[in-house]
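Letters A, B, ... mirror the listed sequences (proteins, then strands); counts begin at 1.
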Protein chains: 2
Amino acid sequence: MPLDPARQGLTIGDLSERTGLAPSAIRFYETHGIVAPLRNAGGHRRYARADIRRLSFAMAAQKLGLPLAEIAGHMAGLPADRAPSKADWTRIGTEIRALLDARIDALTRLRDNLDGCIGCGCLSMETCTLWNPDDRLATKGTGPRLVLRD
Amino acid sequence: MPLDPARQGLTIGDLSERTGLAPSAIRFYETHGIVAPLRNAGGHRRYARADIRRLSFAMAAQKLGLPLAEIAGHMAGLPADRAPSKADWTRIGTEIRALLDARIDALTRLRDNLDGCIGCGCLSMETCTLWNPDDRLATKGTGPRLVLRD
DNA sequence: CCTTGATCTCAAGTGCGCTTGAGAAATTAC
DNA sequence: GTAATTTCTCAAGCGCACTTGAGATCAAGG
């Protein structure tokens with residue numbers, strides 16, 4: 001089904017099948033500027049194949065916890081009129097790569113802290129700074145500072 | 001556990017300062033069973049020190065993307081009437097540890113796929129299965145399968 | 001005391017990310 | 001040429017995680 005000349009592009013149903021997104025979700029993403037399909041004579045949306053990639057990218061970024069607005073911000077750098085080039089995707093990919101690294105770091109730190117605390121048996125003691133961020137840390141801000149600092 | 005004899009426990013304001021959560025959020029968590037404070041003569045909530053840990057734990061679990069209901073499910077295993085023991089926290093910690101591992105794995109996989117795709121320059125080609133999960137994969141389900149599979 | 005600030009309950013509102021009709025028009029399948 | 005399916009727009013609704021008043025009560029310092 002690659003760009004059937006008769007149909008001049010992919011329907012929203014095609015995209016739905018290939019991305020797993022509901023048509024309503026795809027239309028919703030359109031309002032956020034993540035895709036910008038053309039219309040055929042009858043007013044129906046017609047998508048380019050590159051839009052599959054756009055949506056896949058948006059889905060991946062969402063799994064990282066990015067809000068749609070921010071995703072749209074990153075994707076605003078992609079060309080609207082032509083299929084994004086390698087350089088286009090590489091730049092965006094690099095941005096996301098940094099976010100991934102940060103997130104992996106944070107989770108790894110949290111895991112290691114958790115391991116350490118379980119190992120030392122301090123979880124039941126009042127002196128554990130991991131689950132008991134009181135007195136010593138009370139003046140340094142709020143929250144479980146040793147566990148989460150991102 | 002050693003409640004201040006003068007005040008008989010921590011106020012919601014105390015917890016708010018030490019966890020960084022708004023009082024309204026703490027009350028909201030109460031409706032989900034994450035904390036269960038006692039009341040003083042005047043009807044005000046009085047918390048045990050262990051509740052700081054409960055909230056910290058819930059905040060950590062939330063950063064992992066767990067919905068409150070699920071967090072509450074894990075914490076239901078903790079004793080309501082006494083400060084959780086080392087064994088109590090260790091069990092919960094181990095459950096979370098598994099989630100952390102899975103999440104780190106998923107993110108690492110995504111990052112490596114992204115790296116590979118950037119490296120090979122395939123992002124602009126129709127044959128890239130990472131951002132172009134079409135033909136070959138079209139019969140195997142939906143979504144960006146090589147990027148995200150969790 | 002008395003005042004100031006913290007806390008109480010309860011209902012309603014917010015922001016995000018969609019979904020769900022309703023009613024109509026376009027497209028496809030037979 | 002019909003029938004079935006898909007898509008269209010627009011408004012409203014939903015689930016989650018809270019926040020924001022409103023109006024009243026409680027607690028603590030001078």
Side-chain angles (χ1 to χ4, degrees), chain A residues 1 4-47 51 54-73 75 142-143 148, chain B residues 3-47 51 54-73 75 142-143 148:
Chain A
M1 321 204 181
D4 181 353
R7 270 206 331 214
Q8 207 78 316
L10 302 167
T11 67
I12 198 168
D14 293 336
L15 247 70
S16 177
E17 271 178 38
R18 298 194 177 174
T19 61
L21 290 166
S24 60
I26 298 174
R27 289 190 201 102
F28 177 75
Y29 288 165
E30 183 181 341
T31 69
H32 283 260
I34 286 167
V35 284
L38 302 171
R39 300 301 180 112
N40 72 355
H44 285 199
R45 291 168 178 82
R46 287 298 130 101
Y47 297 87
D51 287 333
R54 285 177 165 269
L55 290 174
S56 296
F57 180 88
M59 292 168 82
Q62 269 207 291
K63 296 257 174 176
L64 302 180
L66 294 190
L68 271 190
E70 196 168 331
I71 296 170
M75 301 195 63
T142 58
L148 309 165
Chain B
L3 306 175
D4 182 351
R7 270 207 328 215
Q8 208 78 316
L10 301 166
T11 67
I12 198 169
D14 293 336
L15 245 70
S16 177
E17 272 180 36
R18 297 195 178 174
T19 62
L21 290 167
S24 61
I26 298 175
R27 290 190 200 100
F28 177 74
Y29 288 166
E30 184 181 340
T31 68
H32 283 259
I34 285 167
V35 283
L38 301 171
R39 300 302 180 112
N40 73 354
H44 285 199
R45 291 170 178 81
R46 285 301 130 100
Y47 297 88
D51 287 332
R54 284 177 166 271
L55 290 175
S56 296
F57 180 88
M59 291 168 82
Q62 271 208 289
K63 296 257 174 178
L64 301 181
L66 296 190
L68 271 191
E70 196 168 330
I71 295 170
M75 302 195 62
T142 57
L148 307 164

Open item on the list: So, does A:Gln62 get its side chain near the phosphate of C:dC18, meaning an N or O under 4.0 Å from OP1 or OP2?
Closed with: yes
Task: Euclidean distance, atom CZ of residue B:Phe28 to atom P of D:dG15 [Å, nearest integer] - done: 13 Å
Open item on the list: Which nucleotide wins on minimum distance to the side chain of B:Asn40, given the candidates D:dA27, C:dT20, D:dC18?
Closed with: D:dA27
Open item on the list: Once you apply a heavy-atom cut-off of 4.0 Å, does A:Ala22 come out as touching a base, just sugar-phosphate, or nothing?
Closed with: sugar-phosphate
Task: Close side-chain approach of A:Val35 to A:Arg45, heavy-atom, < 4.5 Å - done: no
Task: Whole-Å distance separating the CG atom of B:Leu10 from the P atom of C:dA6 - done: 16 Å
Open item on the list: Under 4.0 Å from OP1 or OP2 of C:dC18: is there any side-chain N or O of A:Tyr29 that close?
Closed with: yes
Open item on the list: Let me confirm one number: the OG1-NE2 distance from A:Thr11 to A:His44, rounded to the nearest 0.5 Å.
Closed with: 10.0 Å
Task: B:Leu55 CG to D:dC18 C1', straight-line distance once rounded to whole Å - done: 14 Å
Task: Gap between atom CG of B:Asp51 and atom CD of B:Glu30 - 0.5 Å precision - done: 9.5 Å
Open item on the list: Quick check for you: to the nearest 0.5 Å, what is the distance between B:Ser24 atom OG and B:Ile12 atom CD1?
Closed with: 8.0 Å
- [ ] Take the protein atom NE2 of A:His32 and the nucleotide atom P of C:dC18, then report the distance between them rounded to whole Å.
- [x] 9 Å
Under 3.5 Å, which protein N or O atoms sit close to an N or O of nucleotides 6-9 of chain D? Give each pair with its distance.
{"residue": "D:dT7", "atom": "OP1", "partner": "A:Thr11", "partner atom": "OG1", "Å": "3.2"}
{"residue": "D:dT7", "atom": "OP1", "partner": "A:Gly13", "partner atom": "N", "Å": "2.8"}
{"residue": "D:dC8", "atom": "OP1", "partner": "A:Arg45", "partner atom": "N", "Å": "2.7"}
{"residue": "D:dC8", "atom": "OP1", "partner": "A:Arg45", "partner atom": "NH1", "Å": "3.0"}
{"residue": "D:dC8", "atom": "OP2", "partner": "A:Arg27", "partner atom": "NE", "Å": "3.0"}
{"residue": "D:dC8", "atom": "OP2", "partner": "A:Arg27", "partner atom": "NH2", "Å": "3.0"}
{"residue": "D:dC8", "atom": "OP2", "partner": "A:Arg45", "partner atom": "NH1", "Å": "3.2"}
{"residue": "D:dC8", "atom": "O5'", "partner": "A:Arg45", "partner atom": "NH1", "Å": "3.3"}
{"residue": "D:dC8", "atom": "O3'", "partner": "A:Arg39", "partner atom": "NH1", "Å": "3.3"}
{"residue": "D:dT9", "atom": "OP1", "partner": "A:Arg39", "partner atom": "NH1", "Å": "2.9"}
{"residue": "D:dT9", "atom": "OP1", "partner": "A:Arg39", "partner atom": "NH2", "Å": "2.9"}
{"residue": "D:dT9", "atom": "OP2", "partner": "A:Arg45", "partner atom": "NH1", "Å": "2.8"}
{"residue": "D:dT9", "atom": "OP2", "partner": "A:Arg45", "partner atom": "NH2", "Å": "2.6"}

- [ ] Classify the nucleic acid contact of A:Ala69 as base, sugar-phosphate or nothing, counting any heavy atom under 4.0 Å across all strands shown.
- [x] nothing
Task: A:Leu21 CG to C:dT19 C1', straight-line distance once rounded to whole Å - done: 13 Å
- [ ] Quick one: pull up OG1 in A:Thr19 and CD1 in A:Ile26 and give me the separation to the nearest 0.5 Å.
- [x] 4.5 Å
- [ ] Assign each of A:Ala25 and A:Ala41 to its nearest nucleotide of DNA chain C by heavy atoms, then name whichever residue's nucleotide is nearer the 5' end.
- [x] A:Ala25
TODO: To the nearest 0.5 angstrom, please state how far the CG atom of B:Asn40 sits from the CZ atom of B:Arg46.
DONE: 4.5 Å
TODO: Go through D:dA17, C:dG17, C:dC18 for me and flag the one nearest to the A:Pro67 side chain.
DONE: C:dG17
Open item on the list: How long is the straight-line distance from CZ of B:Arg54 back to CG of B:Leu15, given to the nearest 0.5 Å?
Closed with: 11.5 Å
